[in-house]
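Below is one structure, written out as structure tokens; the observations come after it.
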Amino acid sequence: MPVYCITGANRGLGLEFVRQIGQDSSNTIIAAIRSSSTDTADLKAIASKNTHILVCNTGDSKSISSFASELEKTLSGKKIDFLLNNAGVNSVPQQNALTIDEKDLHNEIQINVLGPATIVSSLVSANLLSDNVRIMNMTSGLGSMERSLSINPRKCATYSISKAGLNMVTVHQSGDLREKLKGVVVICMDPGWVKTRMGGDGAILEPEVSIGGMLKVVHGLKDGDNGKYFTYDGSEVPW
């Protein structure tokens, strides 16, 4: 049965991914959390017998490297069929283009852009991805330049910049990975404005609806979808 790897799995969208995927107890789930001190009570409460909780701080390249090594031991010859790069931060939503702080922008790029990029490259180097792996990079509608132009006033500048960067990483991965994994499909996905801690006040979408839609999209991906930008309902998002 398929192997799923989910980053940021202890809360929010990541936790809902684990819950829905775990409804089929034959699925193997790698639930990655930021650190050994992370609160995993909710995660452990829904974990199936085939759920493995491992540490992977997506903002730390050494942690990602250690995660790949531990993952190799955990999988014991199996490979990942679905990699869901869900972990991300929106730590300074109040900043706009005129108030961007260098440290804040660097932090969001480190986690939201370099994190998924480094995870993929590390798992490729460790030969842990199946030839037909589906890779989903969790982006946002705020990473769309066309959509951002229609928002007034514009918001979450550093987050938007990092997610636009992640979109470009996705495009490059979709081409570069085909040289190593002939059947790979890489996409970026907008989950919608979901009622999570990151979603904040005003969010309109229930997590189970967003995740259910995203899993339907991921499970239905075809070769021609490689490098595309989708929203949770399966429609394409303008770049």
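Quick caveat, the model's predicted, so the values are computed rather than measured.
A donor atom on one side chain and an acceptor atom on the other are found under 3.5 Å apart for Asn137 and Thr170. Using modelled atom types and a 3.5 Å distance limit, the side chains of Asn57 and Lys62 yield no donor-acceptor pair. Between Ser162 and Asn112, the side chains place a donor N or O and an acceptor N or O closer than 3.5 Å (distance only, hydrogens not considered). In summary, the side chains of Asn132 and Ser130 do not present any donor paired with an acceptor at a separation below 3.5 Å, with no hydrogens or angles considered. For the residue pair Ser125/Ser122, the side-chain donor-acceptor check at 3.5 Å is not satisfied. Side-chain polar atoms of Ser235 and Asp233 form a donor-acceptor pair below 3.5 angstrom.
For the salt bridge (Lys or Arg N to Asp or Glu O under 4.0 Å) test, no residue two or more places apart in sequence or in another chain qualifies with Asp60. Legend: residues meeting ring-ring contact (aromatic ring centres under 6.0 Å, His included) with Phe17, ordered by chain and number and at least two apart, are absent.
Side-chain atoms of Thr51 and Lys44, non-hydrogen and from C-beta on, never get closer than 4.5 Å to each other. In this structure the side chain of Asn86 reaches within 4.5 angstrom of the side chain of Thr7, judged on heavy atoms. No side-chain heavy atom of Met136 sits under 4.5 Å from any side-chain heavy atom of Leu221.
In this structure, Tyr4 and Phe82 have parallel ring planes: the angle between them is below the 30° cut-off, well short of the 60° mark.
Around CE of Met145, the count of heavy atoms belonging to other residues, nucleotides or ligands within 6.0 Å does not exceed 12. Within 6.0 Å of atom CD in Gln23, more than 12 heavy atoms from other residues, nucleotides or ligands are found, so the atom counts as buried in its surroundings.
Proximity of a side-chain donor or acceptor of Glu72 to a complementary backbone N or O of Leu128 within less than 3.5 Å is not detected. Looking at Ser148, its side chain does come within 3.5 Å of a backbone N or O of Ser144 through a donor-acceptor pair. Listed for the Asn10 side chain is no donor-acceptor partner under 3.5 Å among the backbone atoms of Leu43.
Applying the salt bridge (charged side-chain N to carboxylate O under 4.0 Å, His left out) test to pairs two or more places apart or on separate chains, those with a residue in residues 211-232 are Arg178-Asp223, Asp225-Lys228, Lys228-Glu236.
Results of the side chain to side chain contact (heavy atoms under 4.5 Å, CB included) test with Met214 over His219, Gln20, Met138 single out Met138 as the only residue that passes.
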